[in-house]
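Protein chains get the first letters and strands the later ones, always in sequence-line order, with residue 1 at the start of each.
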Protein chains: 2
Amino acid sequence: MSAPQDTDSRKRLNREVVLQTALELVDSEGLEALSMRRLGQALDRDPMGLYRYAANRADLLDGITELVLNELAIFPTDPDWQAQLRRIAHDLRLLALRHPNVVPLLVTRPLSTPLGLRPLGTLRPLEQILGLLIEAGFEPNNALHVYRAYYGFLYGHILNELQEFIVDAEENVALLRLGLHRLPARDFPHLRELAPVLADYDGAAELDEGISILLSGLAERLTGRGVAAG
Amino acid sequence: MSAPQDTDSRKRLNREVVLQTALELVDSEGLEALSMRRLGQALDRDPMGLYRYAANRADLLDGITELVLNELAIFPTDPDWQAQLRRIAHDLRLLALRHPNVVPLLVTRPLSTPLGLRPLGTLRPLEQILGLLIEAGFEPNNALHVYRAYYGFLYGHILNELQEFIVDAEENVALLRLGLHRLPARDFPHLRELAPVLADYDGAAELDEGISILLSGLAERLTGRGVAAG
DNA sequence: TGGAATGCATCTACACCGTAGACTCTAGGC
DNA sequence: GCCTAGAGTCTACGGTGTAGATGCATTCCA
């Protein structure tokens with residue numbers, strides 16, 4: 001016969017293929033749908049075989065976060081650091097909207113691993129943004145401060161936006177109305193009043209405005225002390 | 001005999017007691033240690049009995065987040081909204097440091113429930129902060145913008161800080177050094193260089209500075225347009 | 001050419017999980 | 001006395017991650 005069926009579903013495996021289909025599974029069916037057995041089934045393999053490409057389930061999750069973060073492009077030599085940070089912010093936001101089910105991983109995986117032991121791919125953004133800022137003239141110390149404020153805000157915004165986001169726009173309003181109607185009017189007057197505003201959340205604009213405030217504030221504060229960069 | 005053993009471990013149950021011990025279990029042994037069986041064991045009850053106080057595991061998790069958020073005090077009538085927001089930020093930060101294992105719940109639970117259907121306790125901060133801002137003179141619309149920027153930044157900071165936080169301070173440095181040493185020097189020059197700075201992260205100061213920037217920026221931007229509040 | 005060794009795929013098994021459904025037991029009302 | 005309602009318990013089902021043994025194919029060396 002021919003070589004062992006490379007045809008169809010049983011192409012040769014490697015870590016990337018495994019992670020990629022794991023990501024697809026998460027994207028389409030949610031995080032809790034990702035089990036070794038389900039993944040094995042998706043790859044038409046024995047579940048045990050996957051342990052060759054991921055030490056355990058946690059490693060699989062780490063791999064997925066790495067895979068997703070690799071989609072984020074950063075150019076550490078761009079002299080216009082503010083523009084660059086702004087672009088990165090929007091890119092990461094879109095990435096999150098493209099993979100909403102992965103966001104919990106993005107924010108929780110690092111909580112259970114000391115910084116230095118994290119998958120390298122997840123540290124790349126940190127390193128590159130530091131590089132960008134230092135290149136732009138910041139003292140390393142201050143670069144770290146800026147990074148923290150910036151990335152903190154960015155992650156916070158993404159979480160915030162996703163918390164208000166529901167898949168279908170129409171259903172969004174409906175569900176919101178439905179849900180909000182449930183709230184006791186006595187205890188939640190403002191929330192109820194703001195229902196229509198809540199319903200059309202322009203995430204990109206809101207993010208952009210926040211970033212503007214933060215960046216100009218940071219730049220001013222740091223250069224005001226005669227420390228660095230512009 | 002006496003009444004059915006109220007003595008010792010078998011005090012009368014109610015939802016609060018169940019949630020409280022669940023929280024203790026999570027605090028002391030981590031999120032994944034919280035199973036119906038383990039919790040039943042901690043309460044010296046049959047696991048099935050818990051379903052009287054929590055519809056299912058998800059409801060249990062929601063209850064825990066509610067319990068924790070209830071520890072947060074907000075005074076919506078304080079005229080000094082900036083000071084109030086600043087205090088809340090620090091309080092929430094301390095709350096997170098006191099219950100680090102609960103933080104993943106705080107940030108991920110809302111992702112899987114439309115806003116209006118969330119446990120009321122978790123919506124209280126939103127409602128009260130809106131109240132605070134409106135009381136201070138903001139238009140409801142703008143109050144929502146301020147809330148989003150503020151709360152987003154706050155959550156982002158907490159996540160950021162916890163990601164760098166390791167339980168024992170001494171071990172922190174050791175692990176950091178150990179971990180960072182693992183990083184290829186070629187690819188992570190800045191991260192390695194900043195190791196000592198990373199090691200002593202003054203979270204409160206960093207949070208305070210970010211909040212300052214954000215609040216003054218927000219106030220300026222909004223009042224600059226002649227829209228509201230001081 | 002005949003092993004021996006090496007790696008991959010598969011199978012079985014164990015301990016755990018959430019929870020549906022049936023069962024027992026107890027307290028109270030009549 | 002019995003009846004009912006509800007709380008507590010037990011068993012069982014279908015799922016989970018993963019250790020360890022087993023089968024299979026290939027490659028390497030004598």
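Remark: B/D59 engages B/R15 in a salt bridge (charged side-chain N to carboxylate O under 4.0 Å, His left out) (not counting sequence neighbours). Considering only residues two or more places apart in sequence or on other chains, B/R57 meets the salt bridge (charged side-chain N to carboxylate O under 4.0 Å, His left out) condition with none of them. Under the rule for a salt bridge (charged side-chain N to carboxylate O under 4.0 Å, His left out), the partners of B/E71 that lie at least two apart in sequence or sit in another chain are B/R98. Shown here are the side chain to side chain donor-acceptor pair (under 3.5 Å) partners of B/E161, two or more places apart in sequence or in another chain: B/R93, B/H157. For B/Y150, there are no ring pair (Phe, Tyr, Trp, His ring centres under 6.0 Å) partners at least two apart in sequence or on another chain.
Residues from residues 53-61 of chain A placing a heavy atom under 4.0 Å of any atom in DNA chain D, listed by number, are A/N56, A/R57.
The distance from atom OH of B/Y51 to atom C1' of C/dA20 is 10 Å, rounded to the nearest whole Å. The distance from atom CG of B/L50 to atom P of C/dA20 is 14 Å, rounded to the nearest whole Å. Atom pair B/M48:CE and D/dT11:C1' shows a separation of 10 Å (rounding to whole Å applied). Computed from coordinates, the B/L39 CG to C/dT19 C1' distance equals 15 Å when rounded to whole Å. Nucleotide C/dA9 holds its C1' atom 18 Å from the CD atom of A/Q41, rounded to whole Å. Residue B/R52 contributes atom CZ, which lies 10 Å from atom P of D/dG6 at whole-angstrom precision. Following rounding to the nearest Å, B/N14 (CG) and D/dG8 (C1') show an atom-to-atom distance of 16 Å. Across the protein-nucleic acid pair, A/M36 atom CE and C/dC16 atom C1' stand 16 Å apart, rounded to whole Å.
Checking D/dG17, C/dT19, C/dA9 against the side-chain heavy atoms of A/R45 singles out C/dA9 as nearest. Comparing atom distances between the A/D46 side chain and each of C/dG18, C/dC11, C/dA20 picks out C/dC11 as nearest.
Using a cut-off of 4.0 Å between Lys/Arg side-chain N and Asp/Glu carboxylate O, A/E29 and A/R38 are scored as salt-bridged.
Because its NZ or CZ atom is both nearer than 6.0 Å to the ring centre of A/Y201 and within 45° of the ring axis, B/R148 counts as a cation-pi partner of that residue.
Evaluation of atom-type donor-acceptor distances gives a pair under 3.5 Å for the side chain of B/R37 against the base of C/dG18.
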